[in-house]
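As the structure is a computational prediction, the values presented were derived from the model and not from experiment. Values below: every heavy atom of this structure, side chains too, minus hydrogens, waters and symmetry copies.
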There are 2 protein chains.
Amino acid sequence: MTAPRRVIASAVDRLGRAFTIDDLVAEVRALAPSVGIATVYRAVAAMEAAHAVERVGTRDESALYVRCTADGHHHHLVCTGCGLVAHATCPLDDVPPLHGTEGFVVTAHELTLYGLCAGCATEVSPASELPRS
Amino acid sequence: MTAPRRVIASAVDRLGRAFTIDDLVAEVRALAPSVGIATVYRAVAAMEAAHAVERVGTRDESALYVRCTADGHHHHLVCTGCGLVAHATCPLDDVPPLHGTEGFVVTAHELTLYGLCAGCATEVSPASELPRS
DNA sequence: AGCACAAGTGATAATCATTCTCACTATGGA
DNA sequence: TCCATAGTGAGAATGATTATCACTTGTGCT
Ligand SMILES: [Zn+2]
Ligand SMILES: [Zn+2]
Ligand SMILES: [Zn+2]
Ligand SMILES: [Zn+2]
């Protein structure tokens with residue numbers, strides 16, 4: 001592939017954590033200042049289509065992505081303390097949602113778990129959580 | 001409350017189904033053409049804060065809302081055929097997600113179920129589903 | 001190597017949902 | 001009734017994302 005896409009892919013690796021497009025642009029431009037924002041958008045869209053990254057939500061009105069580490073159906077644990085995103089297996093596989101589904105045929109679902117990662121859980125006081133949903 | 005808010009509240013009732021701000025503006029203006037878009041945004045925000053409506057997702061880059069019918073913790077069934085949104089009880093209450101949660105303390109979750117409502121399930125061929133996630 | 005075509009790039013403008021500003025008005029209590 | 005306050009409406013402002021377009025790069029073929 002082209003040089004900008006290589007730089008963008010390695011920037012995603014270097015970031016490790018979840019990132020917005022702006023995070024990624026900053027990381028990319030540390031090495032290649034000439035790369036345009038539109039190119040980063042296009043590269044992330046291509047990586048998403050190729051399952052190299054996945055969108056995990058929104059932060060400050062901007063899309064959040066993480067590097068794809070797990071294959072197949074899974075969900076995400078989002079730390080409300082530091083923003084870390086971890087992968088989790090699906091807890092619904094053997095739990096059909098029976099109540100309230102009058103005639104509804106469920107074919108897909110989205111699940112995101114919020115909480116505190118190991119680091120944040122010990123670090124902060126229990127009162128400083130940011131509840132959600 | 002004021003006249004515009006009364007009109008907006010009754011328009012939400014009249015719609016019944018899930019709606020975007022534009023849907024609601026159209027319904028509102030059928031009776032009160034002078035109501036401004038910003039007023040509808042503000043009224044929906046107030047109703048959301050008062051738990052009179054809840055946001056259930058996104059349709060065509062616009063926020064989707066439904067009238068609040070269930071109290072407390074619950075989730076939503078979204079028909080990918082007609083857009084109908086129904087309420088569902090939480091299937092996770094007795095299923096702690098154990099796998100892959102190294103030290104993570106889960107405090108909240110978001111879950112949305114996609115599928116076909118009773119009407120759409122019988123009406124359309126099985127091939128025309130719109131899968132998600 | 002030389003060439004041709006397709007894909008990618010970068011700057012900029014356009015889009016579009018949502019929010020802000022501000023002058024004006026309706027509301028509801030004293 | 002009178003006033004303080006919250007709500008209103010029009011339009012401008014914001015900000016993320018996308019489209020446009022002329023230019024460059026990568027690729028395969030000869
Ligand atoms: Zn954390
Ligand atoms: Zn799942
Ligand atoms: Zn349906
Ligand atoms: Zn739940």
Task: Rounded distance in Å - OH (A:Y41) to P (D:dT20) - done: 18 Å
TODO: Round to a whole Å and report the spacing from CE of B:M1 to C1' of D:dT5.
DONE: 11 Å
Open item on the list: With clusters defined by side-chain heavy atoms of hydrophobic residues (ILVMFWY) lying less than 4.5 Å apart, directly or transitively, does B:V85 cluster with B:V12?
Closed with: no
Open item on the list: For a quick check, tell me whether the side chain of B:R42 and the base of D:dG9 share a donor-acceptor pair closer than 3.5 Å.
Closed with: yes
TODO: Can you tell me the distance, in whole Å, between the CE atom of B:M47 and the C1' atom of D:dG7?
DONE: 15 Å
TODO: Please report, rounded to the nearest Å, how far the P atom of D:dT17 is from the CG atom of A:D22.
DONE: 8 Å
Open item on the list: Check this one for me: any side-chain N or O of A:T39 less than 4.0 Å away from OP1 or OP2 of C:dG10?
Closed with: yes
Task: Same apolar cluster: A:L64 and A:V25, side chain cutoff 4.5 Å - done: no
- [ ] Check the distance between D:dT8's C1' and B:R6's CZ and give it to me in whole angstrom.
- [x] 14 Å
- [ ] Rounded to the nearest angstrom, tell me the gap between atom CZ in A:R59 and atom C1' in D:dA16.
- [x] 15 Å
Task: Selected nucleotide, minimal atom distance to B:T2 side chain, candidates D:dG9, C:dG8, C:dT27 - done: C:dT27
Open item on the list: Please check if the number of heavy atoms outside B:D60 that lie under 6.0 Å from its CG is greater than 12.
Closed with: no
Open item on the list: Can you see if the side chain of B:S62 gets near the phosphate of C:dC16 - specifically, an N or O under 4.0 Å from OP1 or OP2?
Closed with: no
- [ ] Figure out the CD1/C1' separation between B:I8 and D:dG9, and round it to whole Å.
- [x] 12 Å
TODO: Check the hydrophobic clustering (I, L, V, M, F, W, Y; side-chain heavy atoms under 4.5 Å; chains of links allowed) and say if B:Y114 and B:Y65 are grouped together.
DONE: no
Open item on the list: Nearest to the B:I21 side chain among D:dT18, C:dT18, D:dG9, which nucleotide is it?
Closed with: C:dT18
- [ ] Return the 5'-most residue of the pair A:A38, B:D60 with respect to DNA chain C, ranking by each residue's nearest nucleotide.
- [x] A:A38
Open item on the list: So, does A:R5 get its side chain near the phosphate of C:dA7, meaning an N or O under 4.0 Å from OP1 or OP2?
Closed with: no
Task: Interatomic distance where CD belongs to B:E61 and C1' belongs to C:dT15 [whole Å] - done: 11 Å
Open item on the list: For B:R6 and B:S10, which I'm curious about, is there any donor-acceptor pair between the side chains at under 3.5 Å?
Closed with: no
Open item on the list: Need one value for A:A63: base, sugar-phosphate or nothing, where a base atom within 4.0 Å counts as base even if backbone is also close, heavy atoms only.
Closed with: sugar-phosphate
